[in-house]
Amino acid sequence: MTLVVGVDIGGTKTSAGLVDSSGTLLAVRTLPTPAAQGPAAVLDTVAGLVGEVASGAGEVTAVGVGSAGVVDPRRGVIVSATDAITGWAGTDLRGEVSRRLGLPVAVGNDVHAHALGEQWRGAAAGYADVLLVAVGTGIGASVVLGGRVLRGAHSVAGHAGHVPAVAAAGRPCPCGGHGHVEAVASGPAMLAEYRGRAAAAVMEPSGAPGPTGVPGPTGVPGRFGAPGSSGVTGPAAVSEPSAVSGSARVTGLADVARLAAEGDLIAVSVLTGGAAALGSTIGGLMNVIDPEVVVVGGGVAACGELWWQALREGIAAEVLPALREVPVGPAALGGDAALLGAARMALEVAG
């Protein structure tokens, strides 16, 4: 049976997995990414991890590598990237990994690798046409058509976070633009929104609009949508926000999700508003792509049923009638998806 290694390079950690041709993950090794030390240190880490997982396993025939950033799989080069890894843009990823290992190497974007993994062995197994959306620090997507990833003429296909959204009008996006859905629906965006609105509610106890245009604790929180607009009913839709105690307890988006489940009105509004905006974007993408299934992954997708309900309602408000029955659900493989997807890329170049 053919053996390959899939690699997932992230800003904080790098993982390698030994995979056979049936898609069974046989061994995994992970190390911190030496991001501040530059490309050579990162590439040396990749080579070391591949050597570890392949040790004693038989002949490894190829390596696949998924990386954040715009990756040109034809040239094997990182076209552009954030500063999460110092000097990563311009790196000859395929050439440098192949030189270190003496093996054929395939490279691609990490979200595309996730999609291939889920389509091979995960939530999209058995489907040829797939839309995967990853929601975390940013928002990315991958389109698989006929079992193959759509990369585009410039290798930038899938940047769903940079689709304009009404809810994001005027808001700065990390890409340097304004009004993109990532500015309201990513994890950092929703966390910042909750903190800002909770602080404004504390400063404006009378209910008068604060500096962000958000009424005080007894008013209706605004810019992401009113509570209840996603169909939320019961205590979560009517409770007063615990702005004073809640904002002090918020260190991450998981805290916002917890407060929303407890009935914090601002948390409910922020969480469901961000999800609805993302759902609207996904619905629009579905109208263009016509997928058989939609898979949603990333850390934000763990925010609970309030988030999922609002997401699905946002999708339902946009999709054409023929797409209303398309299944929309969570990713199944977690961090293993990128390793399996990278391994699948490796199988395409294996000798």
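One is the number of the first residue; the rest follow in order along the sequence.
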To the nearest 0.5 Å, tell me how far [X] [atom1] sits from [Y] [atom2].
X      : Y      : atom1 : atom2 : answer
Ser269 : Arg197 : OG    : CZ    : 4.0 Å
Thr2   : Leu347 : OG1   : CG    : 6.5 Å
Leu145 : Leu150 : CG    : CG    : 6.0 Å

Just distance, no hydrogens or angles: give the donor-acceptor pairs under 3.5 Å from side chains in residues 277-299, sequence neighbours left out.
unit_1 : atom_1 : unit_2 : atom_2 : d
Ser280 : OG     : Glu318 : OE2    : 3.2
Thr281 : OG1    : Ala277 : O      : 3.3
Asn287 : OD1    : Leu320 : N      : 2.9
Asn287 : ND2    : Glu318 : O      : 3.0
Glu292 : OE1    : Ala128 : N      : 2.7
Glu292 : OE1    : Asp129 : N      : 2.9

So that I can tick it off, tell me whether Glu348 and Arg344 are bridged by a salt bridge, with the cut-off set at under 4.0 angstrom between side-chain N and carboxylate O.
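Salt bridge flag = no for Glu348 with Arg344.
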Sequence neighbours left out, what pairs pass side chain to side chain donor-acceptor pair (under 3.5 Å) with at least one residue falling in residues 35-51?
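Qualifying pairs: Asp44-Arg100.
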Test side-chain hydrogen bond (donor to acceptor under 3.5 Å, both in side chains) applied to Arg171 and His178, Glu182, Glu193, the passing residue
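Among His178, Glu182, Glu193, the one meeting side-chain hydrogen bond (donor to acceptor under 3.5 Å, both in side chains) with Arg171 is Glu193.
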Val133 pairs by side chain to side chain contact (heavy atoms under 4.5 Å, CB included) with which of Ile139, Val300, Val328?
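The side chain to side chain contact (heavy atoms under 4.5 Å, CB included) with Val133 is passed solely by Ile139 among Ile139, Val300, Val328.
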Side chain to side chain, Ser67 and Val107, heavy atoms closer than 4.5 Å
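Sidechains of Val107 and Ser67: no contact.
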Can you find a side-chain donor-acceptor pair between Tyr194 and Asp264 that sits under 3.5 Å?
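On atom types as modelled, these side chains qualify, holding a pair under 3.5 Å.
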Could you work out, with ring pair (Phe, Tyr, Trp, His ring centres under 6.0 Å) as the rule, every residue matching His180, not counting sequence neighbours?
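Scan of His180 (ring pair (Phe, Tyr, Trp, His ring centres under 6.0 Å), adjacent residues dropped) gives His162.
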Does atom CZ of Arg99 have more than 12 heavy-atom neighbours, drawn from other residues, nucleotides or ligands, at distances under 6.0 Å?
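It does: Arg99 CZ has more than 12 such atoms within range.
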